[in-house]
Amino acid sequence: MEGKTVYSAVQPTGSLTIGNYVGAIRNWVELQSGYNCFFAIADLHAITVRQDPAELRRRTVELAALYLACGIDPAQCALYVQSHVPAHAELAWVLNTVTYVGEASRMTQFKDKSAKHADNINMGLMDYPVLMAADILLYRTDLVPVGADQKQHVELARDLALRFNNRYGETFTVPEPLIGRNTAKISSLQDPSKKMSKSDENPNASVFLSDDRDAILRKFKRAVTDSDNCVRASSEKPGITNLLNIYCAFAGVTLEEAERTFDGKGYGEFKLAVGETVADRLAPVQAEQRRILADKAYLSETLAAGAERASRAAGRTLGKVFRKVGFYRGE
Ligand code: ATP
Ligand code: LTN
């Protein structure tokens, strides 16, 4: 096989935040020319928490348009909707039989989401990381670019690959997570000890890719910081450190450069500069997303072509798995 394979996905479960953007999607754009890339919209994962069906459908299309607006090029990679490729669910079933209930129930995200959705602790929620392992292993993925919160799931995918290979013979590539240094965890603007999340109840905690300029400026202005008014990163100043990380990611400068730029300047001026930088970078992405969303025929053709490309690759691995586990395939 030529070159290394990269796989990643995002769930169509809400408006994406700048955390999703710099922690995940933006890195994908850089990888697509050097690797064999598969980027999915994880709708099978999304229904592990309750979703409104019409809204899920709308968000799926919006996320596809956003991937394209961010610079994902469907000529270079397979861009598709997870449920369009049945092999994901089929491989997840097989992997379930090499996953221990104990290890699945120890996953941090399962515990967090069980606490948050106590009235709906369904089997799918516990099975979430097994389906994610199926996503990754189907394409013999080498690298999985994600934010730090997904590292434990990629490690489970590695464990399942090794376990399956030991039991049935060499089948899967053992994947590695690819996690950015300063963008792995963008924090909430209201509580820098928490990650910025799509589903935070406080609308001021997250900056959404769909926010307009006024909302972006207002959220950064209200961001929680300390009171010493000196723009420097340090572990005692998580709020300012987070804003500096965001500034660097959007302005394309290093931490030292940013600290020099804001040397002797106060927090008010700094927060305004962060807001303006983020708003300036998002405006063209938002305009492009609107343009693409207006062309529904292009979107559905692109996703159909992506699903076909993914199905071909996935079918090869699934066929091998079915043979290895002993499913009768005819003579
Ligand atoms: P939810 O809040 O609904 O759990 P989420 O914001 O965590 O959603 P996901 O769909 O779970 O979003 O994640 C999509 C991708 O974005 C993953 O690769 C994840 O690691 C990354 N990511 C999510 N939040 C952040 C963040 N605050 N900083 C950096 N990367 C992030
Ligand atoms: N669980 C991931 C989304 C996801 C994913 C994947 C990421 C589903 N399948 C495979 C990487 C590889 C999340 O970001 N919450």
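Basis for what follows: all heavy atoms, side chains included, without hydrogens, waters or symmetry-related copies. Counting starts at 1 for both ligands and their atoms, in listed order. All figures in this text were calculated on a predicted structure; none of them were measured in a lab.
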Under 4.0 Å between a Lys/Arg side-chain N and an Asp/Glu carboxylate O for [X] and [Y]?
X      : Y      : value
Glu288 : Arg291 : yes
Lys237 : Asp228 : yes
Asp43  : Arg59  : no
Arg163 : Glu103 : yes
Asp149 : Lys185 : no
Arg260 : Glu256 : no

Tell me which one of [options] gets a heavy atom nearest to [atom].
atom                    : options                       : result
atom 30 (N) of ligand 1 : Ser197, Pro145, Pro177, Gly19 : Gly19
atom 3 (O) of ligand 1  : Ser199, Ala9, Ser188          : Ser199
atom 13 (O) of ligand 1 : Asn20, Val144, Val22          : Asn20

Determine whether the side chain, the backbone, both or neither of Lys185 has a heavy atom under 4.0 Å from any heavy atom of ligand 1.
->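 The answer is the backbone.
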Can you list the residues that meet the side-chain contact (heavy atoms from CB on, under 4.5 Å) rule with Glu259, with sequence neighbours excluded?
-> Arg232, Ala233, Leu244, Leu255
Does ligand 1 have any atom that is closer than 4.0 Å to a heavy atom of Thr17?
->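 Heavy atoms of Thr17 never come under 4.0 Å of ligand 1.
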Would you say [X] has any N or O atom under 3.5 Å from an N or O of ligand 1, going by distance alone?
X      : result
Lys195 : yes
Ser8   : no
Ser187 : no

Numbering as shown, the atoms of ligand 1 that approach [X] to under 4.0 Å (heavy-atom distance):
X      : result
Val146 : 18 (O), 20 (O)
Val10  : 10 (O), 14 (C)
Gln150 : 20 (O)
Ala24  : 15 (C), 16 (O), 18 (O)
Gly23  : 29 (C), 30 (N)

Closest protein heavy atom (residue, atom, distance) for [atom]:
atom                    : answer
atom 28 (N) of ligand 1 : Ile186 N, 2.9 Å
atom 19 (C) of ligand 1 : Asp149 OD1, 3.3 Å
atom 29 (C) of ligand 1 : Ala184 O, 3.1 Å
atom 11 (O) of ligand 1 : Gln11 NE2, 3.7 Å
atom 10 (O) of ligand 1 : Lys198 NZ, 2.7 Å
atom 18 (O) of ligand 1 : Gly147 N, 3.3 Å

When clusters are formed by joining ILVMFWY residues with side-chain heavy atoms under 4.5 Å apart, either directly or through shared neighbours, do Val274 and Met196 land in the same one?
->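 They do share one cluster, since a chain of ILVMFWY contacts under 4.5 Å joins Val274 to Met196.
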Transitive ILVMFWY side-chain link Val130 to Phe322, under 4.5 Å |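 Looking at the clustering, Phe322 is in the same group as Val130.
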Run through ligand 2 for me and note each protein residue having a heavy atom under 4.0 Å from it, chain first, then residue number.
->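 For ligand 2, the residues that come within the 4.0 Å heavy-atom cutoff are Tyr7, Ser8, Ala9, Gln11, Ala42, His45, Tyr128, Met132, Asp135, Ile136, Val144, Val146, Gln150.
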Which atoms form the tightest heavy-atom contact between Val231 and Gly266, and what is the distance?
->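 So the two residues come closest at CG2-O, 4.4 Å.
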Backbone N/O of [Y] and side chain of [X]: donor-acceptor pair under 3.5 Å:
X      : Y      : value
Asn122 : Thr48  : yes
Ser311 : Val85  : no
Lys219 : Pro203 : yes

Kindly say whether the aromatic ring centers of Phe110 and His153 come within a distance under 6.0 Å.
->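 No, ring centres 6.0 Å or more apart.
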Do the side-chain N and O atoms of Ser206 and Lys198 include a donor-acceptor pair separated by under 3.5 angstrom?
->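 Result is no, nothing qualifies.
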